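So the structure is just underneath, and the comments pick up after that.
Chain letters run A, B, ... following the sequence lines, proteins first, then strands; residues in each count from 1. Since we're looking at a predicted model, the values are computed, not measured.
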Protein chains: 2
Amino acid sequence: MPKVETLTKFEWEIMKQIWKSGRTTVREVHEALAPTQSRAYTTIQTYMERLVDKKYLSKKKIGLVNFYSARVKETDTLRRETSHFVKRAFDGSFSKLAAFLFDTQDFDEKDLEAIKRLIEEKEREND
Amino acid sequence: MPKVETLTKFEWEIMKQIWKSGRTTVREVHEALAPTQSRAYTTIQTYMERLVDKKYLSKKKIGLVNFYSARVKETDTLRRETSHFVKRAFDGSFSKLAAFLFDTQDFDEKDLEAIKRLIEEKEREND
DNA sequence: GTTCATCTACTACATTTGTAGTATAGTTAA
DNA sequence: TTAACTATACTACAAATGTAGTAGATGAAC
């Protein structure tokens with residue numbers, strides 16, 4: 001279990017990259033993020049070391065290069081982050097979040113159909 | 001428009017308290033937060049001053065006391081925070097968020113009925 | 001053997017966030 | 001007049017976050 005409950009913005013980007021590639025290196029993450037969020041190589045390195053300290057990543061040296069992989073599952077992290085966000089912004093109420101989203105988002109027909117299907121699946125599960 | 005796009009955890013608590021009471025003082029916010037998130041009086045004061053600097057609050061001195069009120073609407077802030085959260089955790093996709101919530105939350109019959117009603121309202125709007 | 005590229009380990013600083021104290025002033029009660 | 005209380009304005013420090021440099025080691029190419 002990570003020491004710190006929530007990830008910062010740039011930590012998210014790094015973790016998403018590592019979840020995507022499985023096991024990776026500083027160089028690979030640096031290159032993957034370069035098009036959209038360019039930082040120095042050593043900045044990426046610092047972030048990844050700190051994520052090891054925070055127990056989000058583990059590190060293994062193979063030859064001269066460190067390889068990093070996630071110690072936490074993406075779905076578990078998403079669950080935790082979503083829970084924190086809803087607790088903070090909507091007093092923990094997922095109903096309030098849903099109502100807010102329906103109020104403020106331009107859901108089109110396709111979106112609504114997709115959500116209907118999710119409801120149907122959930123109702124089947126609940127039977 | 002605020003200088004900083006997102007609020008920290010404790011800033012949220014302060015803003016929520018101010019949205020609730022309209023115009024308020026440091027003492028009132030301090031007392032309101034005391035039961036659940038107790039901090040020193042001067043900590044609350046510092047936070048409120050910083051929120052003035054960040055243009056989330058405005059401050060007016062009446063007599064010897066400073067009164068604070070929100071410069072941003074709660075709904076606008078919720079919209080912005082939600083958008084940032086979804087962009088970060090779900091690549092900007094509200095559909096992915098919805099799917100994730102249905103996967104991971106124990107929605108019961110009542111929840112599902114409520115969401116159905118929201119969909120029906122939205123469909124009426126879209127016609 | 002030299003040069004260049006790559007990488008690690010370590011270091012450093014600025015800014016933001018979290019937390020809370022102190023000096024001073026004003027008001028009220030005794 | 002004094003004491004107690006409240007509030008402001010200012011100050012201060014620790015920790016976290018954001019950012020990125022440098023020294024040295026290793027390997028490949030020449």
Side-chain angles (χ1 to χ4, degrees), chain A residues 2-18 21 23-34 36-69 77 81 84-85 88-89, chain B residues 2-18 21 23-34 36-69 77 81 84-85 88-89:
Chain A
K3 291 175 178 173
V4 181
E5 285 184 323
T6 72
L7 293 163
T8 67
K9 179 172 168 159
F10 200 63
E11 284 171 337
W12 258 117
E13 298 311 315
I14 301 221
M15 288 304 302
K16 285 200 285 187
Q17 190 48 49
I18 294 171
S21 55
R23 195 178 69 168
T24 188
T25 63
V26 172
R27 174 61 60 194
E28 285 172 9
V29 174
H30 178 244
E31 284 173 0
L33 293 181
T36 54
Q37 314 186 59
S38 185
R39 298 288 194 283
Y41 177 91
T42 42
T43 301
I44 307 294
Q45 186 186 10
T46 296
Y47 268 92
M48 289 171 75
E49 284 304 320
R50 287 176 182 169
L51 284 164
V52 172
D53 290 341
K54 289 180 175 180
K55 298 188 191 302
Y56 275 90
L57 295 179
S58 58
K59 178 173 81 170
K60 182 173 184 182
K61 196 162 194 174
I62 298 179
L64 294 168
V65 179
N66 286 320
F67 283 81
Y68 299 78
S69 53
T77 303
E81 293 281 337
H84 280 114
F85 173 71
R88 166 156 121 227
Chain B
K3 291 174 177 175
V4 181
E5 288 185 319
T6 71
L7 292 163
T8 68
K9 180 173 168 159
F10 200 63
E11 285 172 336
W12 259 115
E13 298 311 314
I14 301 222
M15 288 305 301
K16 284 200 288 189
Q17 189 48 47
I18 295 171
S21 56
R23 195 178 71 172
T24 188
T25 64
V26 173
R27 173 62 60 193
E28 285 172 10
V29 174
H30 179 244
E31 284 172 1
L33 293 181
T36 54
Q37 311 185 60
S38 184
R39 297 287 194 285
Y41 177 92
T42 42
T43 299
I44 307 293
Q45 186 185 11
T46 294
Y47 268 91
M48 288 171 75
E49 284 304 321
R50 285 176 182 170
L51 285 164
V52 172
D53 291 341
K54 290 179 176 181
K55 300 190 190 300
Y56 275 89
L57 294 179
S58 58
K59 178 171 81 171
K60 184 173 183 181
K61 197 161 192 174
I62 300 179
L64 293 170
V65 178
N66 286 320
F67 284 82
Y68 298 79
S69 53
T77 304
E81 294 281 337
H84 280 116
F85 172 72
R88 168 155 120 227

Nucleotides 6-12 of chain D: protein proximity per nucleotide (B base, S sugar-phosphate only, - neither; heavy atom, under 4.0 Å): -SBB--B
Expressed as a whole number of angstroms, how long is the span from A:Glu28:CD to C:dT8:P? 11 Å
Taking only side-chain nitrogens and oxygens of B:Lys54, does any of them come within less than 4.0 Å of OP1 or OP2 of C:dT17? yes
Does some side-chain heavy atom of B:Arg23 sit less than 4.5 Å from a side-chain heavy atom of B:Ile62? yes
Could you tell me whether the side chain of B:Val26 reaches within less than 4.5 Å of the side chain of B:Thr42, counting heavy atoms only? no
Output the rounded distance in Å from CG (B:Leu51) to P (C:dT19). 14 Å
So do the side chains of B:Thr77 and B:Trp12 get within less than 4.5 Å of each other, counting heavy atoms only? yes
Interatomic distance, OG@B:Ser38 vs CG@B:Leu33, rounded to 0.5 Å, equals 9.0 Å
Rounded to whole Å, please give me the gap between CD in A:Glu13 and P in D:dG18. 11 Å
Parallel, tilted or perpendicular for B:Phe10 and B:Tyr47, by the 30°/60° rule? perpendicular
Tell me the interatomic distance from A:Arg39, atom CZ, to D:dG21, atom P, rounded to whole angstroms. 13 Å
side-chain hydrogen bond (donor to acceptor under 3.5 Å, both in side chains) partners of A:Thr8, counting only residues at least two apart: A:Glu11
Quick note, salt bridge (charged side-chain N to carboxylate O under 4.0 Å, His left out) partners involving residues 59-68 of chain B, not counting sequence neighbours, are B:Glu49-B:Lys59
Closest contact, heavy atoms only, B:Glu81 versus A:Arg88: OE1-NH2, 4.1 Å
Taken to the nearest whole Å, CD1/A:Ile14 to P/D:dA20 is 12 Å
State, to the nearest 10°, the angle formed by the axis through the first five base pairs of the helix from C:dG1-D:dC30 to C:dA30-D:dT1 and the axis through its last five. 10°
What's the CD-P distance between B:Glu11 and C:dT16, to the nearest Å? 12 Å
Within the structure provided, determine whether A:Leu7 and A:Met15 are in side-chain contact (heavy-atom separation under 4.5 Å). yes
Could you tell me how far apart B:Ile62 (CD1) and C:dT27 (P) are, to the nearest whole angstrom? 15 Å
N/O contacts under 3.5 Å, protein versus nucleotides 28-30 of chain D?
none

A:Asn66 and A:Met48, any side-chain heavy atoms less than 4.5 Å apart: no
Mind calculating the distance between CD1 (B:Ile44) and P (C:dA20) to the nearest angstrom? 9 Å
Considering just the side-chain nitrogens and oxygens of B:Thr43, establish if one lies under 4.0 Å of OP1 or OP2 belonging to C:dA20. yes
Looking at every strand, decide which applies to B:Phe10 at a 4.0 Å heavy-atom threshold: base, sugar-phosphate, or nothing. nothing
Ring pair (Phe, Tyr, Trp, His ring centres under 6.0 Å) partners of A:Tyr68, counting only residues at least two apart: none
